[in-house]
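Worth knowing before you read on, the calculation uses all heavy atoms, side chains too, and leaves out hydrogens, waters and symmetry mates. All ligand and atom numbering here is 1-based and tracks the order in the structure.
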Amino acid sequence: MDRDVKKAIEGNEREKGMEAMSACYQGFDPAAYLQYNYTPPRADFDRPDSIVPWKLECLHRAFTEGDVGGKVLVDVGSGPTIYQVLSGCEVFDTLFLTDFLEVNRQELRRWLWGEGGGSLDWTPYLQHVCKLEGRCPSAWSEKAARLRSVVSDVLPIDVHRSDPLHPGSKLPGAGADCLVSSFCLESVSPNLDFFNRALGHIGGLLRPGGHLLLIGALGESYYMAGPGVRIPVLSLDEAQVCASLKGSGYTLVRLEVYSLPQDMKVGVDDVTGVFFVKARKP
Ligand SMILES: C[S@@+](CC[C@H](N)C(=O)[O-])C[C@H]1O[C@@H](n2cnc3c(N)ncnc32)[C@H](O)[C@@H]1O
Ligand SMILES: O=[N+]([O-])c1ccc2c(c1)CN[C@@H](CO)C2
């Protein structure tokens, strides 16, 4: 087949895949998503084996062990959540939160700068991270103020575009010093080729020597993002995650894996594990 024709077909196939995934996300319900995943048992701060405390511990350690630093932190595919930057906001003074959907960007703005506060009370999260930092949990309002003071903007993003951030919103300087992204790439990629390309696209936002903190689902094929809103997920295992990072040129610093206890399987997805990766872009 003629090379140009093949390329056109491939390009057309990619566009169709992106359109199909975008269509899935039109029903995304931030409040439901938060209820499904960010309330007990998955977010039970009295249970050492709960998923969210595990994620917060991984992030706290990664941001505070001394090798991560700079000015700009970008969270890729923030969704309606802020937990993923509660440690990073103490290290960086310019943060960008990003998401594909306006409903999620609105949810973030409501918590950050709005009156109503948002769909979830993040106070227990702020208190828990204060404890991890050796601070009194009552310092949670100072942490909230810090986060609000360093978030520079809430930006649209599409990881399937070679330049994921819209042209107008260029990052300052040579790009981000650190990227964090949780449950995004595998949840928006129809197949492994999309996943690997998206990993490459977000890598373009990161300066050489910068760090990537990636949280994701293992063994997951779908998740519910609202009543009747079923979103397909690329099912990954640890070996594939490591292979994709290597293929994207990263140096793996650490991979940690959480296996879900039975009572963390609450019927909103079929996830079997969660990975946490700290990697460095050479
Ligand atoms: C499973 S949610 C993860 C939310 C949050 N980071 C967390 O840890 O719970 C996946 C997110 O990816 C966003 N998303 C969907 N398509 C995207 C795309 N093409 N590029 C970037 N983000 C996308 C969705 O809007 C959603 O907020
Ligand atoms: O347990 N959790 O903390 C948690 C949080 C978010 C998500 C999951 C689990 C599993 N599904 C993903 C979507 O692919 C979203």
Identify the closest protein heavy atom to [atom]: which residue and atom is it, and at what distance?
atom: atom 5 (C) of ligand 1; answer: S78 O, 3.1 Å
atom: atom 8 (C) of ligand 2; answer: N37 OD1, 3.6 Å
atom: atom 2 (N) of ligand 2; answer: I51 CG2, 3.7 Å
atom: atom 5 (C) of ligand 2; answer: Y38 OH, 3.3 Å
atom: atom 16 (N) of ligand 1; answer: V188 CG1, 3.4 Å
atom: atom 15 (C) of ligand 2; answer: Y33 OH, 3.3 Å
atom: atom 23 (C) of ligand 1; answer: F100 CB, 3.3 Å

With heavy-atom distances below 4.0 Å as the criterion, list the atoms of ligand 1 near [X].
X: Y38; answer: 7 (C), 8 (O), 9 (O)
X: G79; answer: 4 (C), 27 (O)
X: H160; answer: 19 (N)
X: I157; answer: 20 (N), 21 (C)
X: L101; answer: 25 (O)

Inset, instruction - With heavy atoms under 4.0 Å as the rule, classify the contact between V274 and ligand 2 as side chain, backbone, both or neither. - result: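 V274 to ligand 2: no contact under 4.0 Å from either part.
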Select one of side chain, backbone, both or neither to describe which atoms of Y36 lie under 4.0 Å from any atom of ligand 2, heavy atoms only.
->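 For Y36, no heavy atom sits under 4.0 Å from ligand 2.
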So E107 and Y33, do their side chains get closer than 4.5 Å, heavy atoms only?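 No, side chains not in contact.
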Please examine the side chains of M264 and R47, heavy atoms only from C-beta on, and report whether any two atoms are closer than 4.5 Å.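 Sidechains of M264 and R47: in contact.
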Checklist entry - Does the side chain to side chain contact (heavy atoms under 4.5 Å, CB included) test come out yes or no for F63 and C178, once each step is laid out? => result CA-CA 10 Å; F63 276 116; C178 184; 4.0 Å; yes
Numbered atoms and elements of ligand 2 in range of V52, under 4.0 angstrom, heavy atoms
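Within the 4.0 Å cut-off of V52, ligand 2 contributes 3 (O).
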Handout entry: Contacting atoms of ligand 2, where contact means under 4.0 angstrom from a heavy atom of D269
Key =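 Once the distances to D269 are compared, the set is 10 (C), 11 (N).
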Worksheet item: What do you reckon, does Y223 have a nitrogen or oxygen under 3.5 Å from a nitrogen or oxygen of ligand 2?
Response: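 Looking only at distances, the answer is no, because the N/O contact criterion of under 3.5 Å is not met.
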Item to check | Polar proximity ligand 2 side, K55 side, N/O cut 3.5 Å exclusive | outcome: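 Between K55 and ligand 2, an N or O pair is found under 3.5 Å apart.
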Review point. Heavy-atom distance to atom 4 (C) of ligand 1: which of F183, F28, Y33 wins?
Key: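 Ranked by closest heavy atom to atom 4 (C) of ligand 1, first place is Y33.
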Worksheet item: Given E220, K265, M224, which has its nearest heavy atom closest to atom 14 (O) of ligand 2?
Response: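 Among E220, K265, M224, the closest heavy atom to atom 14 (O) of ligand 2 belongs to E220.
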Margin query: Between E10 and K16, is the salt bridge (Lys or Arg N to Asp or Glu O under 4.0 Å) condition met? List the steps.
Written below: CA-CA 10 Å; E10 276 170 9; K16 278 187 196 165; over 6 Å; no
Next item on the list: Please assess H201 against R161 for the test side chain to side chain contact (heavy atoms under 4.5 Å, CB included), listing each intermediate value before the final yes or no.
Entry: CA-CA 7 Å; H201 295 158; R161 303 282 177 201; 5.7 Å; no
So is there a nitrogen or oxygen of [X] less than 3.5 Å from a nitrogen or oxygen in ligand 1?
X: Y83; result: yes
X: D158; result: yes
X: S182; result: yes
X: K55; result: no

Apply salt bridge (Lys or Arg N to Asp or Glu O under 4.0 Å) to residues D67 and R280 and explain how you reach the verdict. CA-CA 10 Å; D67 55 346; R280 187 173 175 276; over 6 Å; no
(request) Classify the ring geometry between Y38 and Y125 as parallel (under 30°), tilted (30 to 60°) or perpendicular (over 60°). (result)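 Judged by the thresholds at 30° and 60°, the geometry between Y38 and Y125 is tilted.
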Do the ring planes of Y223 and Y25 sit parallel (below 30°), tilted (30 to 60°) or perpendicular (above 60°)?
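Because their plane-to-plane angle lies in the 30° to 60° range, the rings of Y223 and Y25 count as tilted.
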*asked:* Looking only at side-chain N and O atoms, does S244 offer a donor or acceptor that is under 3.5 Å from a partner on N196?
replied: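 Present: a donor and an acceptor within the cut-off.
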Does ligand 1 have a heavy atom under 4.0 Å from the side chain of D99, from its backbone, from both, or from neither?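 The answer is the side chain of D99.
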Which segment of V159 sits under 4.0 Å of ligand 1 when only heavy atoms are counted: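 Within the 4.0 Å criterion, V159 contacts ligand 1 through backbone and side-chain atoms alike.
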- request: Begin with the C-alpha distance, continue with both residues' side-chain angles, and end with the deciding distance and a verdict on side chain to side chain contact (heavy atoms under 4.5 Å, CB included) for Q106 and E102.
  value: CA-CA 6 Å; Q106 283 293 1; E102 177 58 20; 2.8 Å; yes
Fill in: Shortest non-hydrogen separation from L205 to L179 and the atoms involved
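Distance-wise, the nearest heavy atoms are CB-CD2, 4.2 Å.
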Worksheet entry | F28 versus V229, closest heavy-atom pair with distance |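 Distance-wise, the nearest heavy atoms are N-CG1, 4.2 Å.
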Query raised in the report: Could R148 and W111 be counted as a cation-pi pair, given that NZ or CZ must be under 6.0 Å from the ring centre and within 45° of the axis?
Result: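 The answer is yes, since R148 meets both limits relative to W111.
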Stacked cation flag R254 on F276, 6.0 angstrom / 45 deg
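Relative to the ring axis of F276, which defines the angle, R254 lies outside at least one limit.
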| request: Kindly determine whether K143 and E90 satisfy salt bridge (Lys or Arg N to Asp or Glu O under 4.0 Å), including the steps that lead there. | output: CA-CA 8 Å; K143 181 173 278 294; E90 305 292 348; 2.7 Å; yes
